[in-house]
Amino acid sequence: MSKITMKTPLVEMDGDEMTRILWEIIKEKLILPYVDLRTEYYDLGLKHRDETNDQVTIDSAEATKRLGVAVKCATITPNADRVKEYNLKQMWKSPNGTIRAILDGTVFRTPITVRGIEPCVKNWEKPITLARHAYGDIYKNVEMRIPGPGKAELVYTDPDGNETRELIHEFKGPGVVQGVHNLDNSIESFAKACFQFALDEKKDLWFGTKDTISKTYDARFREIFDSIYGSQFKEKFDAAGITYFFTLIDDAVARIMKSKGGMIWACKNYDGDVMSDMVSSAFGSLAMMTSVLVSPGGFYEYEAAHGTVQRHYYKHLKGEETSTNPVATIFAWTGALRKRGELDSLAELSEFADRLEKATLDTIGEGIMTKDLALITTLPSSEVQTRNTEGFIESIAERL
Ligand code: NAP
Ligand code: MG
């Protein structure tokens, strides 16, 4: 059998710990036998980030702008313990944060649904994709304890020194006050990424804010979404048979719970923080959640939503058996290969991605799975066989 050829290389961002081990096995057993894989390789493992003073992370993001599609392994975000463990020159920033800042992207997270792993919300038939705005609001807040009586105000000073003031509250006693902001630019990028991704995926887009209460701040989000939709996307949405639906955030939550799923749900920063944990835990497991960073420039970076699975890695280093779930990492590869296939008009490559996903889901549907899934599956225990890390990937390879 001849291997599937590629035109443009993928940007390959290697990572850390247990996911780095999965990365190698996935390539060796599931991709290299079938695809004449072309990648531009960047080692984002912590040791190499330290050696290059984190330049490798920046280079990998710049390469994504040049080549268009990246696939990323989970990476360690250093904390004080990691600085000691790896003897780091400094506490490097989160690679995902660095990459997102360069690509100016929005992250879309989608659960992988499969026979035997049922969502807690029984009417959810299709996955819900969550898009979280990743700038501003309370994550860039300024806050103050108010010790006692006094006046708190919002003050804006323009470049000529003119002031605009708005009374927040005339305090009679102690309390608290908080200032938050957002930027039209950032909201516009977020809106464009959401509309573009909805078109790519042919799914409806939902968005909710509290604009009945926050008539200027939250209303600005709604206005920007409305104006970008009207001027750039409405006709494309009509042609694709999908809709854009805006409603109050609380109404959105109520409707999502009663829906069949299948939509992309855009959320402001805080709502996205809270709702993504709700949606992912209701669908089953972080190990079954994919994540793609979509930039308004049309660049894509695919990864698993989970981290480097440190606890399993330490077991692996001690020579103990592990049963780490590779599904989200496999789907990062298939997402990237499928997108590359679309962009380069290589139907064979996209079809290979479909086949690899099907082989993965069939394996689980037939009862062969890793330990994390065996603990939550609804399949009868007589049908379930738990596999170790490598054994599970080999079972997928057999079906592939
Ligand atoms: P984690 O790697 O997501 O793992 C947390 C726990 O979730 C694991 O100990 C394991 O539970 C379970 N789990 C996650 N993925 C799994 C999988 N594929 N298969 C089986 N079980 C899985 O989070 P963490 O331990 O908090 O973080 C470890 C490192 O990852 C940190 O250094 C952090 O900076 C980094 N991180 C990176 C990213 C990223 O690159 N996108 C995201 C998050 C965290 P049990 O131990 O109970 O089996
Ligand atoms: Mg959170």
Side-chain angles (χ1 to χ4, degrees), residues 12-26 42-50 54 56-57 60-61 70-86 88 91-101 103 105 107-112 114 117 132 134 273 276-277 280-281 283-293 301-318 320-333 335-336 360 364 369-377 386-393 396:
E12 177 182 353
M13 304 171 174
D14 207 345
D16 288 302
E17 300 194 311
M18 203 58 206
T19 39
R20 189 177 178 104
I21 310 248
L22 290 176
W23 198 257
E24 263 311 303
I25 310 176
I26 291 169
Y42 293 86
D43 182 3
L44 268 54
L46 185 51
K47 187 167 170 288
H48 192 239
R49 275 182 274 150
D50 194 51
D54 211 23
V56 65
T57 307
S60 73
V71 56
K72 180 178 171 292
C73 180
T75 47
I76 293 168
T77 297
N79 55 18
D81 290 342
R82 300 297 201 166
V83 172
K84 260 189 251 153
E85 182 184 352
Y86 284 82
L88 298 179
M91 201 185 291
W92 304 108
K93 284 193 223 158
S94 148
N96 288 53
T98 302
I99 294 165
R100 195 165 60 213
L103 298 181
V107 172
F108 296 85
R109 286 183 156 198
T110 309
I112 299 158
V114 57
I117 309 295
R132 173 181 172 187
D273 188 352
S276 64
D277 281 6
S280 63
S281 62
F283 268 105
S285 155
L286 206 57
M288 296 291 283
M289 182 73 71
T290 63
S291 178
V292 55
L293 177 79
E301 184 240 281
Y302 292 84
E303 65 177 322
H306 61 77
T308 61
V309 211
Q310 180 181 17
R311 206 180 63 82
H312 295 206
Y313 181 60
Y314 289 163
K315 275 177 76 174
H316 169 83
L317 288 181
K318 281 194 257 164
E320 292 170 29
E321 184 169 81
T322 57
S323 181
T324 311
N325 187 336
V327 173
T329 305
I330 293 171
F331 275 60
W333 276 100
T360 305
I364 299 170
M369 55 189 79
T370 45
K371 204 164 148 190
D372 57 311
L373 296 183
L375 289 170
I376 58 169
T377 184
T386 307
R387 290 279 195 273
N388 64 23
T389 304
E390 190 139 5
F392 177 65
I393 295 176
I396 298 172

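We number each residue from 1, following the sequence as shown. In each ligand, atom 1 is the first atom listed, and ligand 1 is the first ligand listed. Nothing here was measured: the structure is a model prediction, and the numbers come from that model.
Evaluated for a side chain to side chain contact (heavy atoms under 4.5 Å, CB included) with V327, the options I112, I117, D372 yield exactly one hit, I112. Under the salt bridge (Lys or Arg N to Asp or Glu O under 4.0 Å) test applied with E17, the options R82, K47, R311 reduce to a single match, R82. Only one option out of T290, N96, T329 pairs with E303 in a side-chain hydrogen bond (donor to acceptor under 3.5 Å, both in side chains); it is N96.
Annotation: side chain of D43 is in contact with side chain of R20 (closest heavy-atom distance under 4.5 Å).
Ion pairing between R49 and D16 holds under the 4.0 Å rule for side-chain N and carboxylate O.
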Extract all N/O-N/O pairs under 3.5 Å that connect ligand 1 to the protein, and present each with both atom names and the distance rounded to 0.1 Å.
residue: ligand 1; atom: 2 (O); partner: G307; partner atom: N; Å: 3.4
residue: ligand 1; atom: 2 (O); partner: T308; partner atom: N; Å: 3.1
residue: ligand 1; atom: 2 (O); partner: V309; partner atom: N; Å: 2.7
residue: ligand 1; atom: 3 (O); partner: G307; partner atom: N; Å: 2.8
residue: ligand 1; atom: 18 (N); partner: H306; partner atom: NE2; Å: 3.3
residue: ligand 1; atom: 18 (N); partner: N325; partner atom: O; Å: 2.8
residue: ligand 1; atom: 19 (N); partner: N325; partner atom: N; Å: 2.9
residue: ligand 1; atom: 30 (O); partner: T308; partner atom: N; Å: 3.0
residue: ligand 1; atom: 30 (O); partner: T308; partner atom: OG1; Å: 3.3
residue: ligand 1; atom: 32 (O); partner: R82; partner atom: NH2; Å: 3.0
residue: ligand 1; atom: 34 (O); partner: T77; partner atom: N; Å: 2.9
residue: ligand 1; atom: 40 (O); partner: K72; partner atom: NZ; Å: 3.4
residue: ligand 1; atom: 40 (O); partner: T75; partner atom: N; Å: 3.0
residue: ligand 1; atom: 40 (O); partner: T75; partner atom: O; Å: 3.4
residue: ligand 1; atom: 40 (O); partner: T75; partner atom: OG1; Å: 3.4
residue: ligand 1; atom: 41 (N); partner: E303; partner atom: OE1; Å: 3.3
residue: ligand 1; atom: 46 (O); partner: R311; partner atom: NE; Å: 2.4
residue: ligand 1; atom: 46 (O); partner: R311; partner atom: NH2; Å: 3.1
residue: ligand 1; atom: 48 (O); partner: R311; partner atom: NH2; Å: 3.2
residue: ligand 1; atom: 48 (O); partner: H312; partner atom: NE2; Å: 2.8

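With T98 contributing its side chain and S94 its backbone, the two residues share a donor-acceptor pair below 3.5 Å.
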